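Computed from a predicted structure; not experimentally measured. Lettering of chains follows the sequences in order, A, B, ..., and the numbering in each one begins at 1.
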Amino acid sequence: MAATNKVYLDNGATTRVLPEVLEAMLPYFGEVYGNPSSLHDWGEEAKDAMEESRGKVAELLNANAEEIVFTSTGTESNNLAVKGIASAYKDKGKHIVISAIEHFSVMHSARTLSKEGFTVTTVPVDKDGLVDPDAIAGAIQKDTVLVSIMHANGEIGTIQPLKEIAAVTKKAGVLLHTDAVASAGNIPTDVKDLGVDALSLASNQFYGPKGVAALWVRKGVRFLPLFDGGIQEGGRRAGTDNVPGIVGMGKAAEIAKKDMSLNGERLIPLRDRLINGLTAKIERTILTGHPTRRLPGHASFCVEFIEGEAMLMMLNMHGVAASSGSACTSKALKASHVLLALGIDHALAQGSLVFTIGLENTIEDIDHVLEVFPAVVDRLRQMSPLYDKYLKARQGVK
Amino acid sequence: MAATNKVYLDNGATTRVLPEVLEAMLPYFGEVYGNPSSLHDWGEEAKDAMEESRGKVAELLNANAEEIVFTSTGTESNNLAVKGIASAYKDKGKHIVISAIEHFSVMHSARTLSKEGFTVTTVPVDKDGLVDPDAIAGAIQKDTVLVSIMHANGEIGTIQPLKEIAAVTKKAGVLLHTDAVASAGNIPTDVKDLGVDALSLASNQFYGPKGVAALWVRKGVRFLPLFDGGIQEGGRRAGTDNVPGIVGMGKAAEIAKKDMSLNGERLIPLRDRLINGLTAKIERTILTGHPTRRLPGHASFCVEFIEGEAMLMMLNMHGVAASSGSACTSKALKASHVLLALGIDHALAQGSLVFTIGLENTIEDIDHVLEVFPAVVDRLRQMSPLYDKYLKARQGVK
Amino acid sequence: MPTYSEKVMDHFMKPRNVGEIENPDGMGEVGNPVCGDMMTFYIKVKDNRLADIKFKTFGCGAAIAVSSMVSEMAQGKTLEEAMAITNDSVAAELGGLPKNKMHCSNLGADALHNAIEDYKSKKDSLKKETSDAKRG
Amino acid sequence: MPTYSEKVMDHFMKPRNVGEIENPDGMGEVGNPVCGDMMTFYIKVKDNRLADIKFKTFGCGAAIAVSSMVSEMAQGKTLEEAMAITNDSVAAELGGLPKNKMHCSNLGADALHNAIEDYKSKKDSLKKETSDAKRG
Ligand SMILES: Cc1ncc(COP(=O)(O)O)c(C=O)c1O
Ligand SMILES: Cc1ncc(COP(=O)(O)O)c(C=O)c1O
């Protein structure tokens, strides 16, 4: 089943760990294997490495090292931020604000809070997936304690006007968390510049290992831990620290900071080549998300009359990895709430297809997709009763 | 500061990753780097590896693979089990039972539940750290939904009579969770034999990597997830799976199962040599925990008149890694609740010292400790006003 | 991939009997794009047997493979035999389907049955028309 | 290790002035084993100066280093100068202490002050005895 031409365009699901990152991690499995909480040289060496990494992650965010809490996934960071901050301030108020296109780890954390007596206002987005800062201002109430708006969306690539939103929350005296899991390491996430109070990021989204992520929370902002237990991470996240993972995340953060401009320089031309090529070659195909305010490597579409999983399977036969927000690709069998929030109907949302380009991809990779994908679409449309109806209706019109 | 003679006797804090385990993990960073949730070959390969690992962990427990949920730490597994199961059954009752020597991740999870309207009965232990199954029977009420009793204690090594406790909970129709973080991979943890309903284990306790752990929950037993988010781990644990970590844990589980008998054969003689040697050489020193029903590599003491951290520092100068449950070694500056639960007073608990022997340790390592440790104790006792008083009182008696 | 069997993959990659029949004897449709999948079956009937079957499917790999398998299983069968084909027997013939695909994508037998019912009701109304004509 | 400074490690490994003084002019004790640390200071006073200081300490590395440092800082000082030594100035002289050690293990100055107070109160009662004797 393996294709000779291997083109990985699912970097939004996870990236490949860089060789330098893996190399940095290696000593921390079998050589410097102490527990950083232990009181001896083995522990001390592990702790030093962990703290150095914390510094590197902080640098990526232009933050202070002691404000970084290491976690295991972007999901954990988002749960910790949304539930942790809201719970810590619940005496002040029990209202939070999110957008309609948040990742489930934010959206369902909000739902859990709503079961605990919080009310949640979900702010809509426009057809490009943008949140209107004025809508945030309108949604904030006297008892609002937290606004959580993602930095960039992993399904449609749209980057939110966070600075403008931060100006609103600051003025209202409300805390602002941002889910930067899809953006951190790929576009600048300077927390001072953005003006946010808390930010989630995940290592495997920028060429670091899986199993490690972080939450940055501005000093002075309180949050309750998710885990009861020991005093690791200053009591903010109990459990033995994942030292090799943390070292890998630190190295990946260091490289990401250094190479940040490459994302724009290299990925945007590839992305635009893919977007322009596909929309030109395949009729009845729309770009989803904002045409320009989008992640550098992110090209997402809805292809009418056919379904995403079937496209993924055929692309896979051609050696291409991509993803989809179709109902059939989700275990819950529901179309992506993100696509629906853009005003896309269920049938069109079924045709969702997302390519996420990484720094290892080449122009040849893009051209391979441009070559094979139209035939994939053709084949599936030939089988589609909806395409049939469309053609007949078109003929009827003529 | 580095000593030439390096003797790591803190395997209870974390073990060294075996070379075979690291080797098994390596392809999953930069080669098979897909996200197991993705619908393409990259994802499929990652998923296959993950499921193979799940099978291996299940085999270590004599359980079914689909009953295993991968988490990030023992702490997370314990939080998920205690809070997750209790919350899922709260309509049935709001009472849980734990022992007085549970790890903080169980004990404080219970405390959190008590803030949510649960009541918690804490069953005492005897001077060796054993829980009396009859005490469990006495503690169970009509509204009890969960009993959580650890398998083995990391600070004193005592192994609980879990089978007898399971007979009690089964008869009462109450679920039984066990924290097997300190025991799994080191002594048999056959869930069918033990008769438990849920069991926590952590990879880094048996020569696997940090950052990955698991919770086994018997099929049919419900529990609420800790994280809101995606549908990974069958909806039981959201967030991108730590594939290399999981592969490492699987490999470590496979090796642990194969080599299980070595723990007894090799470690018990070393442990007993250390226990007998130290208690013979150093007056006013007691073994903590049960003399025989204890983890094979676990030797824990209280040395009177001196303090644990100071001992650790001096041992470290001699190249020896150990740990302590003294107040000064805890960030909260409280003596170990485990030692106090045995009836040990605060002053004696300050002299806590724990050696945890692993499969890499040799008889030379033990003899090195037996050689250097008495002098360490002497030195610190020479500085101790308490030892002074003891000597004077003894002279007075003469 | 959602761990499809080889047979599913085979039917997905090389679906049998894709297409339409001009002036079919019966036509059946199930599903809608909201729930995910949509299948349209066309049949020709001769001597109470399915002489030709074609389908068009909008949906995931499983939906396409299911449609293809149904068309193959029913080909040449009597209408009664074809009505005895169930969604479960299709899934079994495909070597099983992932659990979450059983409910939504596994509707091929229903679509075929609808087409047969359509054929029958057309025939009935034809008979009725004829008898009405006779009577009238 | 709990990131102790080099100076702390030096004082811990080679503590100055460990011991007891037979018939001390003053003795001071702080702490108790429950909270973690216990320090006993012994002093000899000559011409209002600390002519000798010895200590015994039960406690962690920080407690031992603090005791040693206090004894070194106070050696030869006038009683007034010695009373001006604070726990904070001892920690500073040691190149800082981990935050959680500041509260509990950093009591050396208090122990020394207690010893000086003990000396003073003994001297006062001696004076009083002497004057009582004269008067009597
Ligand atoms: C018995 C026991 N339970 C739980 C834990 C916590 O495990 P972790 O540090 O992996 O979160 C430990 C840690 O050593 C332990 O010994
Ligand atoms: C925007 C966003 N938030 C959160 C997550 C969840 O991250 P993780 O899978 O690391 O838990 C993702 C995953 O892709 C994401 O894109």
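With a 4.5 angstrom heavy-atom cutoff, Tyr8(B) touches chain A via backbone and side-chain atoms both. Heavy atoms closer than 4.5 Å to chain A are found in both the backbone and the side chain of Thr329(B). With a threshold of 4.5 angstrom between heavy atoms, Ala322(B) approaches chain A through N, CA, C or O but not through any side-chain atom. Looking at Asp241(B), the atoms closer than 4.5 Å to chain A (heavy atoms on both sides) all sit in the backbone: N, CA, C or O. For chain A, the nearby parts of Leu226(B) are the backbone and the side chain; heavy atoms of each come within less than 4.5 Å. Within the 4.5 angstrom heavy-atom criterion, no atom of Met107(B) approaches chain A. When heavy atoms are compared at a cutoff of 4.5 Å, Ser109(A) approaches chain B by way of both its backbone and its side chain.
With chain B as partner, the option from Ser323(A), Gly74(A), Gly211(A), Ser37(A) having the largest number of non-hydrogen pairs under 4.5 angstrom is Gly211(A). Ranked by heavy-atom pairs under 4.5 Å with chain B, the list Tyr207(A), Tyr28(A), Phe29(A) is led by Phe29(A). When Gln232(A), Lys83(A), Glu31(A), Arg111(A) are compared by the number of non-hydrogen pairs under 4.5 Å with chain B, Lys83(A) comes out ahead. Between chain A and the residues Ala321(B), Ser324(B), Gly34(B), Gly239(B), the largest count of heavy-atom pairs under 4.5 Å involves Ala321(B).
The distance from the CE atom of Met313(B) to the CG atom of Leu39(A) is 9.0 Å, given to the nearest 0.5 Å.
Within 6.0 Å of the CD atom in Glu116(B), the count of heavy atoms belonging to other residues, nucleotides or ligands exceeds 12. Counting non-hydrogen atoms of neighbouring residues, nucleotides and ligands closer than 6.0 angstrom, the CD atom of Glu66(A) exceeds 12 such neighbours.
Contacts of residues 11-18 of chain A with chain B at a heavy-atom distance below 4.5 Å involve Ala13(A), Thr14(A), Thr15(A), Arg16(A), Val17(A), listed in sequence order.
Between Trp42(A) and Asn316(B), some side-chain heavy-atom pair lies under the 4.5 Å cut-off. Residues His108(B) and Phe227(A) have side chains not in contact (no heavy-atom distance under 4.5 Å, counting atoms from C-beta outward). You'll find the side chain of Thr73(B) stays beyond 4.5 Å of the side chain of Asn242(A), heavy atoms only.
A donor-acceptor pair under 3.5 Å is absent between the side-chain atoms of Asp228(B) and the main chain of Ser105(A), judged by distance alone. Between the Lys210(B) side chain and the Tyr33(A) main chain, a donor and an acceptor come within less than 3.5 Å of each other.
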From CA spacing to verdict: side chain to side chain contact (heavy atoms under 4.5 Å, CB included), Asp10(B), His40(A): CA-CA 9 Å; Asp10(B) 198 12; His40(A) 43 62; 2.7 Å; yes
Full working for side chain to side chain contact (heavy atoms under 4.5 Å, CB included) between Thr75(B) and Thr240(A): CA-CA 8 Å; Thr75(B) 293; Thr240(A) 293; over 6 Å; no
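Counting only N and O atoms by type, the side chains of Arg237(A) and Ser72(B) include a donor and acceptor under 3.5 Å apart.
Smallest separation of non-hydrogen atoms from Gly230(A) and Phe104(B): N-CB, 4.3 Å.
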